[in-house]
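Data first, discussion second: the structure below is written as structure tokens.
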Amino acid sequence: MTRQINLSYLIFLAATAALGGLLFGFDIAIITGAGPFLTQHFQLNDLSLGWAFSSLLFGCVIGSTVAGRLTNRYGRRSILLWVAALFSATSIATGMAPSFTTFVLARFIGGLAVGGASILSPMYVAEVSPPSLRGRMGTLYQLSIVVGILMSYCINYLLRNAGAANWRWMFMSGVVPSLIFFLLLLRAPETPRYLFLAGREREGLAILERISGRASAESEAVEIRASLVEKRHAWLDLLRPGIRRAVAVGFVLAILVHVSGINTIIDYAPTILRSAGWKLDAALFSTFMVGINNLVFTLVSFWVIDRYGRKPLYIVGSLGMAAALTLLAVTVAAGRFQGTVVLVLILGYLAFFASCIGPVFWTLVSEIFPNNIRGTAMAIPVLTQWIANAVVVLFFPYAFHQIGKAVTFGFLAAMAIAQATVTWLWVPETKNKTLEEIERAWAGEVAGETAEPAK
């Protein structure tokens, strides 16, 4: 079946949708380098700085919820076009903000777009990808996030000496990737599964045939039709026994992926390095190493996710992150939290996250829910991860400076261990299964398979 796949067309579709991740990564990281200049311009304290960083994320909470509800009515591609347009407008509004209140409001509205992309982009990728390549195509979304982060770091460093308005240009540069995203989306079709859901089977079948050939398309169409026979009742349907287990797994993983610290490292890398004795220019320059490290190990995930599976990678990645965070706490306790050792441990932490956790999380949450309610169901883990992300990013500066570095890193390490434990006990393997097979497995309908927790 793999030989029949139109790989160039599949990559175009998956990469186009995955560009939503680039906007995601760009917007959460552009404030990393702008933070020191914002602090000076608006005279921010620890909590107001945390609010400047997290206001986008609270907008993401609402954006992911609204997009999840609208996508089953209006489609994946249509909402993504609005996401691209809104991101462009709010990039300009954020850069031109005359006051801190206006800045926070613009970031919050921009979060609506980022939140929408976070649910729709991986959903689109999952719905156009054949089972044998869905893991690899899913990593394109995480890869786009990482590229967006690296782009932000580059822009931050290049504009660091561009005068008092440098932070404004940093934010307004977001117009460029959003316009590219919009233009590419105009050439992309709706997903086959949405077209079947909307009663446009002929269009859906044509896209399936173009992706994987006629025989494979007809076989997949049978499974899609069968999964759509039963009428669903949106939120109430999430309480059904098989679906309830999937929602619970997505919910818990969504919390742990952020309380184990990834966005505190991405967003506050210059702050952490400056507290370890680095000067501002050196701290900003070091984010290049952070970004490149993140990119390299995300590329590694592209080759291992469909080879070794989702579950083993998640466990290994969580334990590696926990080890790096524990060592950071130890260096603080030992009075050695300084210089190169801190950067090396941060890079080690990110290597485990980028190669194991980031791509697997977004692949899993787009795989585990039924076709009819995927938009609604995905809103649960996506909404949850944005709330967890926002809370952690909001309070990290206060915890880091007031509660203490050792306690903060120790807490994050404990959460990474919890993530490994939950994965070992309750997360099923989804490698090489169609979306419809995964749906039936949760309900215990596949002979010899079950979605019950692994013991």
Side-chain angles (χ1 to χ4, degrees), residues 17-35 37-38 41-42 44 48-71 74 77-121 144-145 147-149 151-156 159 165-186 263 266-267 382-383 385-387 389-390 393-394:
L19 281 178
L22 188 143
L23 305 189
F24 175 174
F26 184 95
D27 225 10
I28 63 171
I30 195 68
I31 199 170
T32 299
F37 306 108
L38 285 171
H41 183 84
F42 291 119
L44 305 179
S48 57
L49 178 63
W51 184 234
F53 274 70
S54 63
S55 53
L56 173 95
L57 305 177
F58 285 106
C60 292
V61 171
I62 297 176
S64 59
T65 304
V66 172
R69 294 301 303 274
L70 293 179
T71 188
Y74 300 109
R77 174 181 173 273
S78 299
I79 307 300
L80 281 172
L81 284 167
W82 282 102
V83 161
L86 183 60
F87 186 90
S88 179
T90 54
S91 294
I92 295 172
T94 305
M96 297 180 66
S99 67
F100 184 61
T101 300
T102 308
F103 173 86
V104 167
L105 180 61
R107 287 279 289 173
F108 177 83
I109 296 174
L112 300 178
V114 177
S118 71
I119 189 170
L120 296 172
S121 290
S144 290
I145 294 176
V147 170
I149 291 170
M151 282 176 54
S152 295
Y153 288 162
C154 293
I155 291 168
N156 288 156
L159 294 176
N166 61 348
W167 64 272
R168 297 186 183 277
W169 291 109
M170 291 176 185
F171 288 107
M172 286 192 287
S173 63
V175 171
V176 176
S178 60
L179 288 177
I180 294 172
F181 185 38
F182 185 89
L183 293 173
L184 287 174
L185 280 171
L186 291 176
N263 276 90
I266 293 295
D267 288 359
V382 174
L383 170 67
Q385 67 92 26
W386 282 123
I387 294 174
N389 192 349
V393 169
L394 174 61

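- Taking CH2 of W51 as the reference point, atom CG of L394 lies at 7.0 Å (rounded to 0.5 Å).
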Please tabulate, one pair per line, all N/O donor-acceptor pairs under 3.5 Å involving side-chain atoms of residues 17-30, not counting sequence neighbours.
from, atom 1, to, atom 2, distance (Å)
D27, OD1, R107, NH1, 3.3

Begin from the C-alpha positions of I119 and T71 and carry the test side chain to side chain contact (heavy atoms under 4.5 Å, CB included) through to its verdict.
CA-CA 10 Å; I119 189 170; T71 188; over 6 Å; no

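- S178 places a side-chain N or O within 3.5 Å of a backbone atom of V175 that can act as its donor or acceptor partner.
- Residues passing the ring-ring contact (aromatic ring centres under 6.0 Å, His included) test with F171, sequence neighbours excluded: F103.
- Listed for the S99 side chain is a donor-acceptor partner under 3.5 Å among the backbone atoms of T102.
- Residues that satisfy the side chain to side chain donor-acceptor pair (under 3.5 Å) test with T101, not counting sequence neighbours, are absent from this structure.
- A search for side chain to side chain contact (heavy atoms under 4.5 Å, CB included) contacts involving V66 returns I62, L70, not counting sequence neighbours.
- Atoms OG and CZ, on S121 and F181 in that order, are 4.5 Å from each other to the nearest 0.5 Å.
- The distance from the CG atom of L112 to the CG atom of L56 is 9.0 Å, given to the nearest 0.5 Å.
- The two atoms that bring M96 and R168 nearest to each other are C-NH1, 3.4 Å, heavy atoms only.
- The minimum heavy-atom distance between A52 and I31, with the atom names listed, is O-CD1, 3.3 Å.
- The shortest non-hydrogen separation linking F87 to G174 is CE2-O, 3.3 Å.
- The two residues V382 and G115 come nearest to each other via the heavy atoms CG1-O, 4.5 Å.
- Closest non-hydrogen pair, S64 versus W386, comes out as OG-CD1, 3.7 Å.
- Distance CD1/I155 to OG1/T32: 12.0 Å, rounded to 0.5 Å.
- Under the ring-ring contact (aromatic ring centres under 6.0 Å, His included) criterion, F42 pairs with F100, W167, sequence neighbours left out.
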Distance-only donor-acceptor pairs under 3.5 Å for side chains of residues 78-86, two or more places apart:
from, atom 1, to, atom 2, distance (Å)
S78, OG, Y74, O, 3.3

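- Residues S88 and F182 fail the side-chain proximity criterion, which asks for heavy atoms closer than 4.5 Å.
- Between the CG atom of L38 and the CG atom of N166 there is a distance of 9.0 Å, given to the nearest 0.5 Å.
- Note that the SG atom of C60 and the CD atom of Q385 stand 8.0 Å from one another [nearest 0.5 Å].
- Closest approach of L120 to A67, counting heavy atoms only: CD1-CB, 4.1 Å.
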